[in-house]
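So the structure is just underneath, and the comments pick up after that.
Computed from heavy atoms alone, side chains included, the values below leave out hydrogens, waters and symmetry copies. Within every chain, numbering begins at 1; the chains are lettered A, B, ... in the order of the sequence lines, protein sequences first and strands thereafter.
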Amino acid sequence: MTIARDELRDATRKTLGEAGLMPDAGQSWQLLAELGWFGLAAPEADGGLGLGAEAVAAVHIELGRALVPGAAIAQMTAIAVLCAAPDLPDRDARIAAAIAGERVALSLDPADATGLLGLVDADLAREVLLVAPDRIALAPIEQATGRPAWDLSRRLFDGTAGPATVIATGEAARAIHDLATRRLLLALSADAVGGAEAALDMAVDYLKTRRQFDRPLALFQALKHRVADLKIAVAAAEALLWSRAGDEASLVQLGALKALATTTYCRVAEEAVQLHGGIGLTREHPCHLFLKRAFLNAALGGDADHWTERAARAALAPPSTADR
Amino acid sequence: MSASSDPLAVLRRELRAWLAAHRPADWREAATHEAFVASQRAWFARLVEAGYAIPHWPAEWPGGGRSLAEQKVIYEELARADAPRLLLSFVSTYHAFATLHECGSAEQQARYLPGILRGETWCQGFSEPGAGSDLAAVRTRAERQGDVYVVNGQKVWSTMAQYADRCLLLARTSSEGAKQAGLTYFLMDMKAPGVTVRPIHQIQGDEEFAEIFLDNVAIPVSERVGAEGDGWAVAQATLSSERGLTLMELGYRMRGALDRIADLILAGGRADDAGVLRDFGALGAQVDAVCALADQFLESRMAGTEQVGDASIVKNAYSRALRAYAALGVRLGGIDAQYMAPITYGDLNSGNWMADFMNSYAWTIAGGSEEVQRNIIAERMLGMPREPKGWTLA
């Protein structure tokens with residue numbers, strides 16, 4: 001599977017590579033749709049590629065690396081929900097359309113009970129998935145009001161919805177809610193690992209190029225040791241990501257991963273700006289884009305406080321009652 | 001392949017059954033270092049007999065010829081069973097073996113390798129008061145006089161040298177040219193006249209290391225490994241002998257020992273203290289990440305894709321997690337953790353929190369300090385320029 005993972009990463013990187021950092025949102029969306037990558041993890045019977053959670057992580061690492069704008073995380077999570085929902089009307093057509101790039105909005109805001117806050121690119125979507133633990137529903141979006149976020153790579157909207165169609169309830173809804181949350185956490189973790197890698201590479205390159213006191217900054221041991229520590233943190237986050245990027249990882253395990261990965265991304269992005277000195281404070285230099293995406297990732301899908309606390313409660317609980 | 005016929009599964013099953021019957025349950029009860037060493041000798045002998053002590057040796061040795069995947073299974077199971085770690089025999093079975101196997105003469109191999117299986121122990125005489133991170137600065141002199149080298153100097157941080165029968169000795173035979181070029185490698189009898197060993201009393205009360213004083217010690221020329229001046233190259237063979245298995249084993253043991261922190265939280269009535277829970281949850285993820293890193297490192301070794309710096313990443317990630325583990329224990333232990341309690345030999349996650357905390361320095365300092373590892377990562381992995389050689393006060 002490692003080979004498939006690396007191949008997928010390479011393919012994604014090559015495909016995205018030509019467009020550079022934070023490529024055009026519409027073109028990137030088109031590209032992902034044409035490659036069929038929204039359906040990476042969807043079953044082959046549903047028109048997907050049937051590649052599972054590891055493939056999802058591989059693609060999101062590269063989307064994070066390149067700061068690809070848009071709603072890919074929500075879209076792929078939404079497709080997982082659609083495929084699993086027992087009562088989805090026009091099931092096959094809806095899933096096929098979503099894999100082909102027809103947008104389905106889905107909230108990434110952990111504090112949102114309505115399912116209508118923090119929707120990425122909701123102005124371009126016709127429908128929104130409302131994912132609650134006891135009820136999964138699909139509703140038309142009536143209005144989408146933009147709320148610009150600091151992160152320039154994700155356009156966030158608050159929506160209002162028309163009458164909802166319930167597509168799962170009870171036990172099925174609980175299972176789908178769990179699946180959606182796990183996929184969301186994995187995607188956010190992968191995005192964070194990819195972004196952290198890229199921000200670190202950028203900082204290291206800068207230190208090699210920038211000269212002060214008649215030498216490259218990369219010669220100063222104080223700076224070498226800082227980036228070495230960042231490298232260790234990123235490597236640890238990536239190793240944990242791959243160890244949990246299967247479909248068998250539990251919700252709490254993925255939550256703890258998300259906490260570690262996004263905390264690492266924030267730390268690396270923060271240091272990257274600092275290591276860039278003055279140029280890092282300018283809008284023309286892309287370093288700030290990582291910082292902003294890192295902090296939004298940390299806030300989406302439940303923050304580190306939430307997930308580390310839940311992970312600890314699960315570890316303290318007797319195995320039979322553990323929050324898995 | 002079915003689970004019952006997969007050779008790794010078979011090995012795992014057999015070893016698990018063997019450990020259930022033979023694992024010493026009382027190894028933590030050693031009241032003195034001598035008692036711990038005695039228990040280590042007994043455990044090593046038992047593992048040799050069962051064929052699990054030297055899986056990395058070639059197949060002609062009983063219990064040898066195991067693949068890296070099989071070695072990984074063995075260390076996973078030893079950790080899982082909470083069996084004692086092989087500390088006393090580590091330098092013998094890894095460092096001495098690798099040195100003899102890769103660089104020793106056929107005669108040296110025949111003379112020493114069988115002894116290792118009989119329980120002869122080796123120590124490493126590399127570091128000196130003036131040669132720590134800068135190992136090539138070794139100053140212990142070896143002077144050729146006829147059929148012997150006469151050695152004078154001092155070695156330090158030699159693990160369990162007070163119990164060792166023999167020593168892997170790095171000494172200077174020449175001061176000409178590059179400092180690495182003047183080093184020569186010897187196999188030294190620790191009972192030889194002129195060898196004095198003094199244990200180092202560590203801050204937590206252990207005596208895991210010792211100093212070795214060498215006063216006109218005569219080493220026969222036949223005990224030289226490689227040619228005169230080859231010492232640095234031979235030392236690389238010694239130091240690269242064990243890559244990753246120990247850190248994987250230690251990572252797994254730390255993961256198992258997270259229960260000690262859980263017990264502390266419950267006993268202290270802090271199971272609803274969000275601050276404590278968050279730190280415990282974050283530590284759990286940190287430890288899991290170390291285990292994942294170590295697994296990944298071994299897999300890359302099996303696949304032949306290991307890169308320079310990978311080992312440094314695993315070591316630093318482990319040693320920082322170890323420090324964080326002990327630090328959380330110290331914090332949760334409160335005043336109780338500040339009362340001295342007997343140490344547990346051979347356990348880095350003993351739940352004697354202050355002792356564990358102090359013991360964790362062994363991993364941030366020994367075996368290539370954290371700072372040296374950072375240099376390796378920055379210079380050899382991230383391609384940052386090396387420090388200029390010359391150094392003068394401005």
Practice problem: Flag the one option from I313(B), I376(B), L293(B) with the top tally of heavy-atom pairs under 4.5 Å to chain A. | Solution: L293(B)

Quiz item: Which region of L257(A), side chain (C-beta onward) or backbone (N, CA, C, O), has a non-hydrogen atom less than 4.5 Å from a non-hydrogen atom of chain B, or is it both or neither?
Solution: neither

Quiz item: Using a distance-only test with no angle check, is there a side-chain donor-acceptor pair under 3.5 angstrom linking R323(B) and S360(B)?
Solution: yes

Self-check item: Salt bridge present between E270(A) and R267(A) (N-O < 4.0 angstrom)
Solution: no

Practice problem: Could you have a look at Q286(B), R386(B), M381(B) and say which one has the most heavy-atom pairs with chain A under 4.5 angstrom? | Solution: R386(B)

Practice problem: Please determine, among G284(B), A294(B), A271(B), the option with the most heavy-atom pairs under 4.5 Å with chain A. | Solution: A271(B)

Self-check item: Under 4.5 Å from a heavy atom of chain A, the part of I265(B) involved
Solution: side chain

Practice problem: Give, as side chain, backbone, both or neither, the part of D295(B) having an atom under 4.5 angstrom from any heavy atom of chain A. | Solution: neither

Exercise. Identify which part of R215(A) has an atom lying under 4.5 Å from any heavy atom of chain B, answering side chain, backbone, both or neither.
Key: neither

Quiz item: Is chain A contacted by the side chain of E379(B), its backbone, both, or neither, given a heavy-atom distance below 4.5 Å?
Solution: side chain

Exercise. Please flag which part of Q296(B) lies under 4.5 Å from any non-hydrogen atom of chain A: side chain, backbone, both or neither.
Key: side chain

Quiz item: Would you call D201(A) and R65(A) a salt bridge, taking side-chain N to carboxylate O under 4.0 Å as the test?
Solution: yes

Quiz item: Charged N to carboxylate O under 4.0 angstrom, D178(A) versus R182(A)?
Solution: yes

Quiz prompt | Per-residue contact mode, A259(A) against chain B (heavy atom under 4.5 angstrom) | solution = neither

Quiz prompt | Salt-bridge present (D347(B), R253(B); N to O < 4.0 Å) | solution = no

Quiz item: Which of the residues D305(A), L219(A), V204(A), I232(A) is involved in the greatest number of heavy-atom pairs with chain B at under 4.5 angstrom?
Solution: D305(A)

Quiz item: Taking the six-membered ring of F290(A) as reference, does the NZ or CZ atom of R293(A) fall below 6.0 Å from its centre and within a 45° cone about the axis?
Solution: no

Exercise. Could you look at K224(A) and say if it's the side chain, the backbone, both or neither that has a heavy atom under 4.5 Å from chain B?
Key: both

Self-check item: Ion pair check, R313(A) and D272(B), cut-off under 4.0 Å
Solution: yes

Quiz prompt | Under 4.5 Å from a heavy atom of chain A, the part of L266(B) involved | solution = side chain

Quiz item: With chain A, which of A262(B), P388(B), G383(B) has the greatest number of heavy-atom pairs at distances under 4.5 Å?
Solution: G383(B)

Quiz item: Are D229(A) and R320(B) ion-paired here, with the side-chain N under 4.0 Å from a carboxylate O?
Solution: no

Practice problem: Measure T308(A) against the heavy atoms of chain B and call it side chain, backbone, both or neither at under 4.5 Å. | Solution: both

Exercise. Walk me through it: do D82(B) and R28(B) pass the test salt bridge (Lys or Arg N to Asp or Glu O under 4.0 Å)?
Key: CA-CA 10 Å; D82(B) 191 33; R28(B) 283 195 179 79; 2.7 Å; yes

Practice problem: Would you mind checking which part of N375(B) comes under 4.5 Å of any heavy atom in chain A, side chain (CB onward), backbone (N, CA, C, O), both or neither? | Solution: both

Quiz item: How are the rings of Y325(B) and W353(B) set relative to one another: parallel (under 30°), tilted (30 to 60°) or perpendicular (over 60°)?
Solution: tilted

